[in-house]
Structure formats: structure tokens, C-alpha cells
Amino acid sequence: MRGRVSPLMLLLGILVLASVSATHAKSPYRKTENPCAQRCLQSCQQEPDDLKQKACESRCTKLEYDPRCVYDTGATNQRHPPGERTRGRQPGDYDDDRRQPRREEGGRWGPAEPREREREEDWRQPREDWRRPSHQQPRKIRPEGREGEQEWGTPGSEVREETSRNNPFYFPSRRFSTRYGNQNGRIRVLQRFDQRSKQFQNLQNHRIVQIEARPNTLVLPKHADADNILVIQQGQATVTVANGNNRKSFNLDEGHALRIPSGFISYILNRHDNQNLRVAKISMPVNTPGQFEDFFPASSRDQSSYLQGFSRNTLEAAFNAEFNEIRRVLLEENAGGEQEERGQRRRSTRSSDNEGVIVKVSKEHVQELTKHAKSVSKKGSEEEDIPNPINLRDGEPDLSNNFGRLFEVKPDKKNPQLQDLDMMLTCVEIKEGALMLPHFNSKAMLIVVVNKGTGNLELVAVRKEQQQRGRREQQWEEEEEDEEEEGSNREVRRYTARLKEGDVFIMPAAHPVAINASSELHLLGFGINAENNHRIFLAGDKDNVIDQIETQAKDLAFPGSGEQVEKLIKNQRESHFVSARPQSQSPSSPEKEDQEEENQGGKGPLLSILKAFN
């Protein structure tokens with residue numbers, strides 16, 4: 001009788017256990033001061049299984065002391081600062097938007113309010129909220145590095161902004177790697193364009209090289225398996241080019257350009273006593289796309305002589321001399337006491353730090369190397385195998401006003417050295433506080449080197465909408481090959497970058513670009529596929545393509561009437577270069593504000609591209 005349990009007691013025990021279980025399942029989540037962890041705990045309450053709920057709460061507890069788990073509960077649609085990486089998937093995040101977080105209202109669990117739900121979505125994907133319903137107000141965009149200014153983006157225009165960090169068109173100077181360098185200077189090569197983005201596959205055979213040399217130094221003779229065009233960015237140089245039966249030396253100053261054909265030996269002398277020499281060079285390999293090699297006839301600390309690659313018998317037969325003599329004179333290998341004595345004499349005039357491809361030279365050497373050099377003004381036969389230099393600033397500028405000027409050398413019969421490569425050279429000078437109006441090149445793909453000053457770049461691209469979220473960092477490398485997939489959405493993106501000396505950026509053909517100079521800005525451009533290229537502006541008094549659109553077409557394309565568009569275009573009296581500050585800073589009239597609201601629902605892709613500059 002003692003071990004028997006009455007049915008009543010058994011029933012009461014079952015009820016007590018069920019009550020305890022229900023109480024535990026509905027127990028309120030643990031409070032925490034970390035809003036991110038608190039939201040995670042809230043989401044755990046939706047788990048129907050008790051064990052899964054406990055596991056979820058355990059994972060959320062770890063977020064309480066995670067410094068990355070931060071959220072401003074007082075802001076709506078709070079976005080991460082430009083360039084900040086997005087957080088990974090955290091406990092409580094859902095892939096299905098139908099499962100929304102719930103909040104407590106009067107002891108009951110109900111759906112979250114729209115604003116709270118919007119914050120939760122923004123927390124899960126902080127940099128992917130670029131699309132907004134057309135009924136919402138315009139969102140403010142603060143581009144990276146533009147403190148104190150606010151710019152607007154129009155809802156429904158599908159304009160997403162990409163700053164320098166995610167800008168595939170922009171190559172900061174740190175993306176150069178040093179190939180040769182010592183205390184006398186260095187030679188740097190920019191990373192391959194096609195490795196940054198698949199969009200630049202047509203540039204896989206073009207490399208940008210920068211040469212920097214101190215006063216009275218010489219870049220030793222070499223040849224390369226690449227065609228080269230060099231431009232003097234700063235200083236005074238004497239460049240010598242030679243082939244098997246000819247040699248020419250040229251005195252080049254800032255703005256002078258010279259083509260060095262593949263396989264021709266060249267060497268560069270900085271003949272100035274106090275000023276450093278800077279040279280920008282574009283190389284086009286002829287063997288392997290995107291890769292070129294330098295071949296030095298003489299050995300140095302950085303590079304061995306290519307003559308060392310031949311056998312002893314070949315060298316003796318080639319030079320008709322004893323191998324010891326060849327080794328002592330050309331190869332400078334250890335050849336006994338006489339070679340050691342000569343090495344000591346050489347070290348007395350050439351220090352160990354000077355053992356490289358850029359060497360210090362004496363005044364006597366400078367005089368001898370420049371004695372037979374010609375100036376750029378001397379004209380030569382176009383049929384000569386060594387091309388003559390080009391002066392980028394020769395004659396009147398192609399475009400010019402008080403805010404800037406542009407010089408351009410096109411590939412034509414006057415410049416056969418460029419016509420053969422289908423390239424053009426462009427030199428742009430923008431005054432401080434001026435803007436080069438939005439424009440694009442019809443055919444040429446421009447590689448631009450920042451020669452001097454600072455500024456801001458805005459480039460507009462139209463791309464297929466990324467279908468998978470969270471791949472922003474790699475979207476250019478992993479972009480789908482089938483760009484013309486039926487039904488794929490297109491979006492307008494604005495890419496911005498802060499420009500400084502030594503940076504490089506790409507202007508693809510047909511992509512609108514605007515450049516703002518925060519200090520006097522000098523740019524050097526190498527144009528690829530330049531034959532029959534046209535530079536087309538989107539604003540200004542002259543060369544404005546929008547002004548060429550017929551009034552009836554304007555009326556159908558833009559939210560305003562054709563007459564209103566033509567009247568707006570006439571507001572700008574300058575062309576090509578203008579003041580970066582709008583002429584009128586007065587507040588808008590009510591009629592203008594109404595018109596702006598109407599413009600927010602603009603029609604057509606052309607309007608979306610124009611709004612990306614705002």
C-alpha cells in the first residue's frame with residue numbers, strides 16, 4: 001500500500017509539470033543593456049521548441065560583450081559609415097522576411113511597428129537599403145570625404161552610391177608595387193586592371209608605370225617586350241632611344257611625351273640639379289597580355305645582365321674574345337686580382353647604395369649625355385624608326401576658359417606614333433574650386449593619372465542589380481557573364497573617390513564623369529581605342545548633347561516640358577569648366593519646390609544618370 005500512488009496524486013503531478021513547462025516556455029527573455037543582443041533574445045521567443053530556444057538564447061548571450069554588436073536605437077535607417085564592413089549572420093537573423101520580430105504590447109506578443117521592423121531589417125543588412133518606395137521622402141547621401149555637405153538621391157531612381165573602398169574604377173597610389181628602388185629613386189608598376197574587375201578585360205594588355213628619380217641620376221639602359229609611351233610629369237629629363245643602327249637623345253620637359261617601341265634600348269637622365277623627376281608611362285606588352293619584362297645588358301644589384309644567360313662558347317664566338325676578357329668587361333664576375341682592383345676603384349665613385357638600376361652621375365657625365373640631345377621643337381621625318389617627341393601643350397588648348405583647360409593629341413597623320421597604337425594623350429588642368437562638367441567619351445577608354453593636386457571624382461555606371469545580398473565587396477569580381485539576361489533589373493550607381501597625386505582612375509567609354517578640384521588639379525590621360533572618339537558634355541553652353549535633343553523628345557523624356565528643359569540649360573553660361581559653387585544659392589520658390597517634388601518621380605534612364613551627379 002505504501003508504494004502505490006493514487007490516481008489523483010498522479011494527475012496532480014502531471015498538471016504541476018505541465019504548468020512549470022508552460023511557464024518556462026513563456027518566460028520573458030533576459031534583459032540586457034546591449035540593444036543588439038536584446039533584439040536577438042526577442043527573436044528567440046519565436047522558437048516553438050524549448051531546446052532550440054535555449055540554444056538561441058545561449059548564442060545571443062555571447063553577443064552582449066561583442067563590440068561589433070552595436071545599434072543606435074534612436075535612429076531610423078541607421079547606416080554604417082562608408083567603407084565599414086557589414087556584420088556576418090547573427091543568431092536571430094532570418095532569411096525569410098515574413099518572420100518578423102515581435103514586441104510586447106500589454107502582455108501580448110504582436111507584430112512590430114513598421115519603423116521598428118525597418119530598423120531590424122537595416123540591422124541585418126545595414127548597407128543594402130538603397131531601394132525605397134516612391135512615396136517616401138528623398139534620402140540624404142553623404143559621400144565619403146565630403147564633410148559639411150549633404151546631397152540628395154531621388155526615391156525610385158535606383159541610384160546607389162559606392163565610395164572609394166568599393167570603387168572598381170579608382171586605383172589609389174598604394175596599389176602600385178615597387179619593381180626597382182634605392183635611395184636614388186624607384187620604378188613602380190600598377191596592378192593589372194583586369195584583376196580588379198572583369199569590366200576591364202579590354203585593358204588587360206595595358207600597364208601603368210611610374211618612374212621617380214632624384215637630381216643628377218640615370219635610369220640604366222634597358223629594353224622591354226612592350227611598347228611604351230612616357231610622359232614627363234615633373235622635372236627635366238634627357239631620354240635616349242636606340243636600336244641596332246640609330247640613336248636619338250631628346251631633352252624633355254613637363255608635358256612632353258615620347259614613344260619607345262618594343263625592343264628599343266632606352267635610358268633616362270634627370271639632368272636637373274635640384275628637382276626630382278617624375279615620369280608616367282603606359283606599357284603595352286607584346287608577348288604575354290598584362291606582363292612585360294625588362295632586359296638589362298649590364299648587371300646591377302636589382303637585375304642580372306641577360307648576357308649571363310649565354311654559354312661561354314657562345315659569348316667567345318659572338319665577341320671574338322677570350323671569356324675572361326668578356327667576363328671582366330661585361331659581366332663583372334670575380335676574375336682575380338685585376339677584377340678586384342677595378343671593383344675597388346668603382347666602389348670609390350659608386351657607393352653600395354648606388355648599386356641599382358637608378359644610379360648617381362657626376363656633372364661631367366650629365367654634360368656628355370646631354371651634349372647631342374635635341375629639343376622637342378626639332379622636326380624629323382615621319383618615316384624614321386625612332387619617333388620624335390610630342391609636346392602636349394603645343395599650341396592653343398582644345399578647351400579653355402577661366403576655370404580650366406584641356407589639351408589633347410589625337411591619333412592622326414600628324415602623330416603617327418599614336419596612330420599606330422590607336423591612342424590619344426590628354427592633359428587637363430582644373431583651377432581650384434572649379435568643376436569639369438559631366439561628360440563622357442564616345443569610344444575611348446581613358447586611363448587617368450593624377451599628376452598634381454587634389455579633387456573629387458564622380459563616375460556613373462549602369463549595372464545589373466545584384467541578386468544576392470551581402471556580396472558587395474566581391475560583386476565586380478564575381479559578376480555574372482550573361483549581362484543581357486532577360487528580365488534582369490538595372491540600376492544606376494554613383495562611384496566617388498577623393499583624388500590625390502599619384503592616384504589612377506578609369507573612365508570607360510560612354511560612362512558619365514564629373515571632376516571637382518579642391519586644389520589646382522592636373523590630370524594626365526592615356527586614351528585607348530581613340531580613333532574617331534568624341535567628348536560629349538551633358539551640361540554647359542557649348543557641346544551640350546541634351547541641348548541637341550529635339551523639344552518634343554525632351555518633353556517625353558523629362559518630367560518637365562521641353563521648353564522648361566531648354567530654359568534650364570540656358571542658365572549655365574560657361575562651357576566645359578565652371579565654378580563648383582552654383583551661381584544661385586537662394587532658397588527655392590514654392591513653384592520650384594513643387595517642380596522638384598514632381599521631378600522625384602522622373603521618367604527615363606537619362607534622368608536617372610543626371611541625378612546621380614547630385
Side-chain angles (χ1 to χ4, degrees), residues 228-239 241 248-260 277-282 373-384 386-432 434-437 439-444 446-453 507 515 517 520-537 540-544 574-578:
N228 296 276
I229 294 180
L230 61 83
V231 180
I232 307 300
Q233 297 178 277
Q234 173 186 293
Q236 299 176 350
T238 298
V239 182
V241 183
K248 283 186 178 181
S249 296
F250 303 99
N251 290 326
L252 305 181
D253 297 326
E254 182 177 339
H256 292 167
L258 177 66
R259 178 185 175 184
I260 302 177
L277 175 68
R278 291 194 298 114
V279 178
K281 182 170 68 173
I282 185 169
K374 302 177 182 179
S375 63
V376 178
S377 60
K378 296 296 178 75
K379 302 295 182 181
S381 172
E382 296 180 357
E383 299 179 356
E384 293 183 356
I386 299 178
N388 286 295
I390 300 171
N391 187 354
L392 296 183
R393 295 185 176 89
D394 187 19
E396 295 295 325
D398 294 65
L399 306 175
S400 177
N401 61 15
N402 294 330
F403 300 100
R405 57 181 185 168
L406 179 146
F407 298 87
E408 190 167 76
V409 181
K410 299 180 180 180
D412 51 28
K413 293 182 180 180
K414 297 180 181 179
N415 303 288
Q417 60 269 52
L418 296 181
Q419 189 177 30
D420 182 38
L421 300 174
D422 194 11
M423 290 188 60
M424 69 179 183
L425 298 176
T426 303
C427 179
V428 181
E429 301 173 358
I430 308 176
K431 296 294 182 67
E432 179 179 354
L435 171 74
M436 188 173 185
L437 287 173
H439 67 282
F440 59 87
N441 289 289
S442 62
K443 183 182 176 183
L446 211 61
I447 304 173
V448 184
V449 180
V450 181
N451 186 30
K452 174 184 176 182
M507 290 176 52
I515 303 171
E520 186 167 347
L521 186 63
H522 292 187
L523 305 174
L524 170 65
F526 299 93
I528 314 300
N529 300 327
E531 187 176 4
N532 298 323
N533 176 70
H534 297 275
R535 184 177 291 101
I536 300 175
F537 284 84
D541 185 53
K542 299 178 181 178
D543 303 329
N544 186 343
E574 297 287 350
S575 302
H576 312 128
F577 302 94
V578 302

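Predicted model, so just to flag it, every value in this text is computed and none were measured.
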Check against side-chain contact (heavy atoms from CB on, under 4.5 Å), I447 and M507: CA-CA 6 Å; I447 304 173; M507 290 176 52; over 6 Å; no
Give the intermediate values and the outcome of side-chain contact (heavy atoms from CB on, under 4.5 Å) for residues F537 and L399. CA-CA 12 Å; F537 284 84; L399 306 175; 4.0 Å; yes
Under the side-chain contact (heavy atoms from CB on, under 4.5 Å) criterion, do L425 and I229 qualify, and how do the steps go? CA-CA 10 Å; L425 298 176; I229 294 180; 4.2 Å; yes
Applying salt bridge (charged side-chain N to carboxylate O under 4.0 Å, His left out), run through E408 and R535 and close with a yes or a no. CA-CA 11 Å; E408 190 167 76; R535 184 177 291 101; 2.5 Å; yes
Applying side-chain contact (heavy atoms from CB on, under 4.5 Å), run through L258 and F250 and close with a yes or a no. CA-CA 9 Å; L258 177 66; F250 303 99; 4.1 Å; yes
Salt bridge (charged side-chain N to carboxylate O under 4.0 Å, His left out), that's the test. Do E429 and R393 meet it? Break it down for me. CA-CA 11 Å; E429 301 173 358; R393 295 185 176 89; 2.9 Å; yes
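Nearest approach of F403 to A434, heavy atoms of both residues: O-CB, 3.5 Å. For the residue pair H256 and D253, the shortest heavy atom distance occurs at ND1-N, 2.9 Å. Nearest heavy-atom pair across F577 and M436 is CE2-CG, 3.8 Å. Between M424 and N533 the shortest heavy-atom distance is CE-ND2, 3.8 Å. Closest heavy-atom contact between Q417 and P387: CB-CB, 3.9 Å. Between P397 and R405, the shortest heavy-atom distance links the atoms CB-CB, 4.2 Å.
Considering CG of D541 and CG of N401, their distance stands at 11.0 Å, rounded to 0.5 Å. Rounding to the nearest 0.5 Å gives a distance of 10.0 Å between CD of E254 and CG of L392. Taking CD1 from I528 and CG from N441, the interatomic distance works out to 11.5 Å, rounded to the nearest 0.5 Å. Rounded to the nearest 0.5 angstrom, F526 CZ and L446 CG are separated by 9.5 Å. Rounding to the nearest 0.5 angstrom, the gap separating the CG atom in N415 from the CG atom in L421 is 11.5 Å. If you take CG on N451 and CZ on R278, they are separated by 5.0 Å, rounding to the nearest 0.5 Å.
Q233 places a side-chain heavy atom less than 4.5 Å from the side chain of V449. No side-chain heavy atom of H576 sits under 4.5 Å from any side-chain heavy atom of L435. Here the side chains of L230 and L252 are in contact, with some heavy-atom distance below 4.5 Å. Between V428 and I515, the closest side-chain pair of non-hydrogen atoms is not below 4.5 Å. Looking only at side-chain heavy atoms (C-beta outward), L277 and I232 come within less than 4.5 Å of each other. Here the side chains of P411 and M423 are not in contact, with every heavy-atom distance at 4.5 Å or above. The shortest distance between side-chain heavy atoms of V231 and V279 does not fall below 4.5 Å. Side chains of L418 and V409 form a contact here, defined as non-hydrogen atoms less than 4.5 Å apart.
Put simply, the side chain of K443 gets close to the backbone of E531: a donor and an acceptor are under 3.5 Å apart. Looking at S249, its side chain never comes within 3.5 Å of a backbone N or O of A373 through a donor-acceptor pair.
Atom CG of D412 has more than 12 neighbouring heavy atoms from other residues, nucleotides or ligands inside a 6.0 Å radius.
The side chain to side chain donor-acceptor pair (under 3.5 Å) with R259 is formed by just one residue from the set N228, D420, N388; it is D420. The side-chain contact (heavy atoms from CB on, under 4.5 Å) with L406 is formed by just one residue from the set L523, D398, I430; it is D398.
A donor atom on one side chain and an acceptor atom on the other are not found under 3.5 Å apart for S375 and N251.
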